[in-house]
2 protein chains.
Amino acid sequence: MPLETDTPPPVASKLAELQRLLGEVSDLGRSAALLAWDERTMMPPGGAQARAEQLSTLARVAHERFTSSEVGRALDGLREWAESHPYESDEASLVRVAWRDWEKARRVPAELRAEMTHAASLGQQAWEGARAGSDFTAFLPFLERNIELRRRYISCFEGFDHPYDPLLDDFEPEAKTAEVRVVLSELRDGLRPLVSGIAAAGDIVDSSCLHGEVPLAEQRELGRRLVAGLPIDDDEWRLDSTVHPFAISISPSDIRLTTRYEENYIGTAIWSVIHEAGHGIYENGLPNEHRRNPLCGPVSLGFHESQSRMWENWVGRGRPYLRSILPLLRDAAPTQFANVDAEQLYRAANRVEPSLIRVEADEVTYNLHVALRFELEVEIFEEKLSPADLPEAWNARVQDYLGLGVPDDASGVLQDVHWAGGSFGYLPPYSLGNVIAAQLWQRILGEIPDLERLIAAGELVPLRDWLRENLHAYGARFTPPEMLERLTGGGLDVAPLLDQLSAKYGELYGLDR
Amino acid sequence: MPLETDTPPPVASKLAELQRLLGEVSDLGRSAALLAWDERTMMPPGGAQARAEQLSTLARVAHERFTSSEVGRALDGLREWAESHPYESDEASLVRVAWRDWEKARRVPAELRAEMTHAASLGQQAWEGARAGSDFTAFLPFLERNIELRRRYISCFEGFDHPYDPLLDDFEPEAKTAEVRVVLSELRDGLRPLVSGIAAAGDIVDSSCLHGEVPLAEQRELGRRLVAGLPIDDDEWRLDSTVHPFAISISPSDIRLTTRYEENYIGTAIWSVIHEAGHGIYENGLPNEHRRNPLCGPVSLGFHESQSRMWENWVGRGRPYLRSILPLLRDAAPTQFANVDAEQLYRAANRVEPSLIRVEADEVTYNLHVALRFELEVEIFEEKLSPADLPEAWNARVQDYLGLGVPDDASGVLQDVHWAGGSFGYLPPYSLGNVIAAQLWQRILGEIPDLERLIAAGELVPLRDWLRENLHAYGARFTPPEMLERLTGGGLDVAPLLDQLSAKYGELYGLDR
């Protein structure tokens, strides 16, 4: 590492010690990532029980080693030296970021962590049964237990403005409930008229070319060709099939993408692959020279999602890109696409329809699903809403925001796994990601004026390089607010997203602006 | 674990502590096994550098934890209790086996281990270049360094009869150089007349049906069908492609088999797959309830090889099995096998031809390759042979045992990677495995009288169950001599192997006995 040059010997040896300790923790974490990837893509079913034990041991050993006093002493011994360097230098950033993580990890007693993990595991099992039977009552005690444990978790932290802040912080460091509330309310209030306008325009967008049977072998080949056309080196990724698509990196140059294929809907093979590749492109651009320390991470979940969404929606559902991949679609599904032109494909790719299920939602209504969950989570932790009353509150808000009646809890409050696993504060960053993507896109359009022409020509490296230079290469060096300030000169701003969506869908659905 | 019942509380808590410590070490080791499997089957090339770091960390952490004083204290606190139980009980065996491993692992200083790993890595790199250029001189300094480090390794141990004993012990616990010398000499001397007889008989065995182009997709499907017909549960294995075939288990019920396919020789797709599946069947039968402690291991490398060889050669090259898979071969390669009958297939599968390369050797000449390496290794560690003189000694012995001239070192002394990686004592167990397989086969024929009929009918479970009950289920509870004594009532005996090979090849080549 470049850090080792120019440091006086006592500091150099402390730094080497810190790097050794952090390197071990990183290697254990990356190993766990590979085990998790394998569990979901390759493992024979017989491996499940032992795999749970292996993952639990890796997590425990990594946590023990990271939260050890050894790491604390190494950090403490380097603070003065780190602070003598500029804020954004490797030196200052490594110690600052590692210290923040260490201090945060130390606050939570091992027993509480174990209880949370155990309750999450029981909750997920109970949720599977409850969702299958659409039986919220059976799930309620497990949900209440998760909430109770999260309150104890919150009490491990100090100095926050709102009890929901520490939960948000796990996914979006430094995010404040008050600010997120403003952002999501503005977004919600800005989107509702657009959704109504689209509904009033009638079902005028034809997406039938995306529906119809395409053999899975053809779809897999299409997925492979799509990723091959995106800006990741051929030697640094692979794409496999899973039930729930995800992207994970075993190192910045070892990116594992997964996707699901649906026999009767080729859209999953297109946009789920591009979405996960977007995550992969971010991980691929993280600073490889820091791969064994905490600087080699994303800024936040929200920033991660800004990247996947940008490639999926801003690039992947835009006219130039769709025009460029039409020949691949015709190869994969000649019957469906032989007589479809680029404009018809663009319209099909951007059909809006309010629906009950978040993971199936389009680009416009998606954020309403997130706003709804955020509001309910905050009310629970403000003790204004009892968990027992969740189904009623959920259904009322779905009616209000999306104009839909919820027929049963399986398509309502029980649809997502997150609460079953004790994850609160996890979904708001998804919408923050959309907001950030729009803010970035606005700036990129100014800096790469011929972006659309490049994309239409399949030249995606300039966009990737801009993102890499301005965002990816910094890794986790800056907090989300710091990073956003550097990128946009300000904070979270919903205006670009609302403007871009209004312009796009106004044109598509013939709405007056 | 059943161990926890019936133990007084202070012992129970010490036992729980030991199991916790051993469980962690086991989980780390199994995780490393998965990383190694992935590296050779799935990993994008870009992952190589980080993977080496991750594997090194897992090995170091596992070694540190296993050799800790904590483990020593836990074992010490349980010795008296363990010794109050019968020798073969879970209680006595766990403490005895863990103690042996712990005591052995503690003897080697961390710095020496690191030096050996480093030298092995450099040696392997140098070997690749040296083999490509058939340049022994370029490789010699790396070989000498490996030997020097192995001498230091030997000096960490006490009480052995021969300096080569500690090297053998790493792969074949308790094996003595003196005994192995007798076994391999008898084997060599018994096989040489057979090899001469076969050579004198002329090239009368036609194996042309195995040669000729078969598409790799067909061969992969054949490999899959062959494993599916072997006695491992469908949920507990997978088969992938690699350059060098191997089998590895992530748990007893998560068996990863790999193989290589050759476009112009379908024999690799048949017998390499069966060989690796034989290893897999052994791992699959290890005691799953002990999967997180050292009892869940093979007896030795020799015993492991006895299982792979038994399935590959005794079953897989026998008439009953070959008759049963002929329809699969006809599906995979109709042109080659449409007019081949079971007897022709049997003859093709068992063609003998002395060759220069060990990994391509047939069942008869294979052991001569091993004997040769053993003799040279022993002479090196007895300081009777200088490493610089290895090529000459090698070539003389190949001429003597196999009747072949060695045209260059690439097809001679440089052909195998083991010495480059510092592995001495690794290959003799391969021949011991053949000897043990023949001894077991003799007993099995007595205990399952209709074995041949069962195999011809594709009923392989009775054989698997016999092996499981009498060998696999004991795991690493007994040393190789103890296990062999239980299985055969005696020690290593080359007579069954020599008898079986003489009978089989005498008939095939029409030799007088």
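Chain A is the first sequence line, chain B the second, and so forth, proteins listed ahead of strands; every chain is numbered from 1. No experiment lies behind these values; they were computed from the predicted model shown.
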Walk me through it: do B:Asp38 and A:Arg256 pass the test salt bridge (charged side-chain N to carboxylate O under 4.0 Å, His left out)?
-> CA-CA 12 Å; B:Asp38 178 82; A:Arg256 313 285 171 112; 2.8 Å; yes
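Taken to the nearest 0.5 Å, the CZ atom of A:Arg30 stands 12.5 Å off from the OG1 atom of B:Thr57. We find the CG-CD distance between B:Asp254 and A:Gln54 to be 8.0 Å, quoted to the nearest 0.5 Å. The CG atom of B:Leu34 sits 10.0 Å away from atom CE of A:Met43, with the distance rounded to the nearest 0.5 Å. To the nearest 0.5 Å, atom OG of residue B:Ser31 and atom CG of residue A:Leu28 are 9.0 Å apart. We find the CG-CD1 distance between B:Leu35 and A:Ile250 to be 8.0 Å, quoted to the nearest 0.5 Å.
Within a 6.0 Å radius of CD in B:Gln49, other residues, nucleotides and ligands contribute 12 heavy atoms or fewer.
The two residues A:Ser251 and B:Gly47 have their closest heavy-atom pair at OG-CA, 4.4 Å. Minimum interatomic distance between A:Gly46 and B:Ser253 (heavy atoms only, all atoms of both residues): O-OG, 2.7 Å.
Of the atoms belonging to A:Leu58, it is side-chain heavy atoms, and not backbone ones, that fall under 4.5 Å from chain B.
Ranked by heavy-atom pairs under 4.5 Å with chain A, the list B:Ser249, B:Ala50, B:Ala48 is led by B:Ala50. Between chain A and the residues B:Arg60, B:Arg65, B:Glu236, the most heavy-atom pairs under 4.5 angstrom are made by B:Arg65.
Between B:Arg291 and A:Glu53 there is a salt bridge, since at least one side-chain N of the basic residue sits less than 4.0 Å from a carboxylate O of the acidic one.
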